[in-house]
Amino acid sequence: MSARSPAPGSDGGFATVLVVDFGAQYAQLIARRVREAHVYSEIVAPTITAAEVVAKNPAGIIFSGGPASVHVDGAPRIDPGVYELGIPILGICYGAQLIAQQNGGLVDRTDRGEYGRTTMTLDSDGGSLLGGTPGEQPVWMSHFDAIVKPPVGVTATASTPDAPVAAFENSEQKLYGVQFHPEVIHTPHGQHVIERFLREACGADASWTMASIIDTAVEQIRDQVGDNRVLCGLSGGVDSAVAAALVHKAIGHQLTCVFVDTGLMRLNEGEQVVETFDRHLGLELIHVKAADRFFTALSGIIEPEAKRKAIGELFIRIFEDAKAQVDGAGFLVQGTLYPDVIESGSEHAATIKSHHNVGGLPDDMEFDLIEPLRSLFKDEVRQLGSELGLPDEIVQRQPFPGPGLGVRIIGEVTADKVATLQHADAIVREELKIAGLEREIWQSFAVLPDIRSVGVMGDERTYGYPIIIRAVTSEDAMTADWARIPYDVLETMSSRVINEVAGVNRVAYDITSKPPGTIEWE
Ligand code: XMP
């Protein structure tokens, strides 16, 4: 791929707040809270220089918490020049301690840290951040060091029994700090604090809305593309669907989508994607029905990585053929999301599974990339999809792996096994939906292993396949827990699968978390 476009949204004229990540698990959460207040936020590393900050022209900066102590050599710090820029800064926990330490305040070790819920008392009116909230209020703390003296010229605005300076501010110096975590739900007035900082200190209004994101992205995509042709691979998943709908809104018939029906999708999924994009959105679609080619390519292959490779390679060949049909397409749409951008650069020690998706196209396919979702989190992408008029069946869809049911059938993949699994999988998901559990479960599906067992049905011996139900809760798929589905729901799934799916005589429930398991079986 030859070039990458800037991320629409990041330079679209919205007020931007930078969140400096000092290594806390909370930086992403802070960025999200800022966005919930309809202000665009971007996560940056502590190594950012004052000049780099200026280049980003932010309305404000938030320093996150972090695991380090400001007293330790090598603890992350910020370029002192950042304090000279006149940009409002809010420090949270470690971030507040760092502001104090770098600006003539004092951070000390307390005898015992302060962890969990604490009652905070406001000094006088609580200043501009805490003003209007109760004089005594619960806050969530997690610190060992404590600020005992705020930065020079800055006033303490609240305290707790173990944090003499639980909050400080000086609106002229534009320095603000809170020892507690306003971004967590356990701090009931936390969002108020964040919003006050955004509106009062930074002067950032609530203009980063889905409608304005769309308008900006549309303009940027038009500028980028001119009158060129653009290709987009639709996988059936949320990200590529929303990216396609957005680009289509911008450039209409200059966009051609390619949907490769591998035959490895869930029941009726292929038809649903085509129906939505072709008929409802009137989008130009090349629908490649390639099930037979995939089954041939997978014939005799048992090893999971070999399967993934075979699927990925065939996908590329088909995509190349489609590209040849679209004369002169020089751009490719990718559904890259913000977490992928944040994580890129982090080195993974071992390849657990070689992920396949449309992004896995080879380098020698010359394309410039259009990545209109590069600055968005997953739930923001769903909201954007709804705003663009995509139906819930697409927008609320659970994640689905590129190689599809190919990695949920253990052993050789055949058309018959796919039909069996599609049927069982549809029952599992339908019952979860009936039980109202669909939204709280990250992913739920059926797996067809390559073993058979003996059973008895209607006084007859059976020798059939088991179906394994997999359902997990997760935040980001990096870790996951098996979902505690009520027994009666499992029972209904089990009896329906056995009664309705030919060749299946047993159902098991996978109670493995990740790690040590993975979400998919292959
Ligand atoms: P694992 O099985 O590694 O899966 O715990 C984590 C998440 O990734 C999805 N997954 C994939 N997604 N291409 C994708 O786009 C792939 O090849 C792929 N393999 C796994 C999986 O469904 C889960 O959400």
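Heavy atoms only: backbone and side chains are in, while hydrogens, waters and symmetry mates are out. Atoms within each ligand, like the ligands themselves, are counted from 1 in listed order.
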Just distances here: any N/O of Ile519 and N/O of ligand 1 closer than 3.5 Å?
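Min N/O separation from ligand 1 is below 3.5 Å for Ile519.
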
With a 6.0 Å cut-off on ring centres, are Phe63 and Phe22 close enough?
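When the ring centroids of Phe63 and Phe22 are compared, they turn out to be within the sub-6.0 Å range.
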
Give the atoms of ligand 1, by number and element, whose distance to some non-hydrogen atom of Thr518 is under 4.0 Å.
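Within the 4.0 Å cut-off of Thr518, ligand 1 contributes 1 (P), 2 (O), 5 (O).
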
Per-residue contact class, Pro401 against ligand 1 - non-hydrogen pairs under 4.0 Å:
both

Gly402-ligand 1 polar pair, N/O distance under 3.5 Å
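Yes, at least one N or O pair falls under 3.5 Å.
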
Using a strict cut-off of 4.0 Å, indicate which atoms of ligand 1 neighbour a heavy atom of Pro403.
16 (C), 17 (O)

Going by the order shown, which atoms of ligand 1 are within less than 4.0 Å of some heavy atom of Pro399?
24 (O)

With sequence neighbours excluded, give me every ring pair (Phe, Tyr, Trp, His ring centres under 6.0 Å) pair touching residues 415-447.
none

Contact list for residues 237-261, test salt bridge (charged side-chain N to carboxylate O under 4.0 Å, His left out), sequence neighbours left out
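Residue pairs passing salt bridge (charged side-chain N to carboxylate O under 4.0 Å, His left out), neighbours aside: Asp239-Lys378.
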
Using the side chain to side chain contact (heavy atoms under 4.5 Å, CB included) definition, which of the options Ile286, Val230, Leu283, Leu285 pairs with Thr256?
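Looking at Ile286, Val230, Leu283, Leu285, the match for Thr256 under the side chain to side chain contact (heavy atoms under 4.5 Å, CB included) is Ile286.
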
With a cut-off of under 6.0 Å to the ring centre and 45° to the axis, is Arg229 in cation-pi contact with Phe331?
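Ring-cation test returns no.
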
Does Arg308 reach ligand 1, in the sense of a heavy atom lying below 4.0 Å from it?
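It does, in that a heavy atom of Arg308 comes within the 4.0 Å cut-off of ligand 1.
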
Within the side chain of Ser474, is there an N or O that forms a donor-acceptor pair under 3.5 Å with the backbone of Ala477?
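Flag set: sc Ser474 to bb Ala477 pair under 3.5 Å.
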
Option of least heavy-atom distance to atom 6 (C) of ligand 1 (set: Lys514, Gln443, Gln398)
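Closest candidate by heavy-atom distance is Lys514.
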
Backbone or side chain, does any N or O of Glu520 fall under 3.5 Å from an N or O of ligand 1?
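For ligand 1, there is an N or O atom that lies under 3.5 Å from one belonging to Glu520.
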
Fit a plane to each ring of Trp208 and Tyr40, take the angle between them on a 0 to 90° scale, and name the class: parallel (under 30°), tilted (30 to 60°) or perpendicular (over 60°).
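Tilted, since the angle between the ring planes falls between 30° and 60°.
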
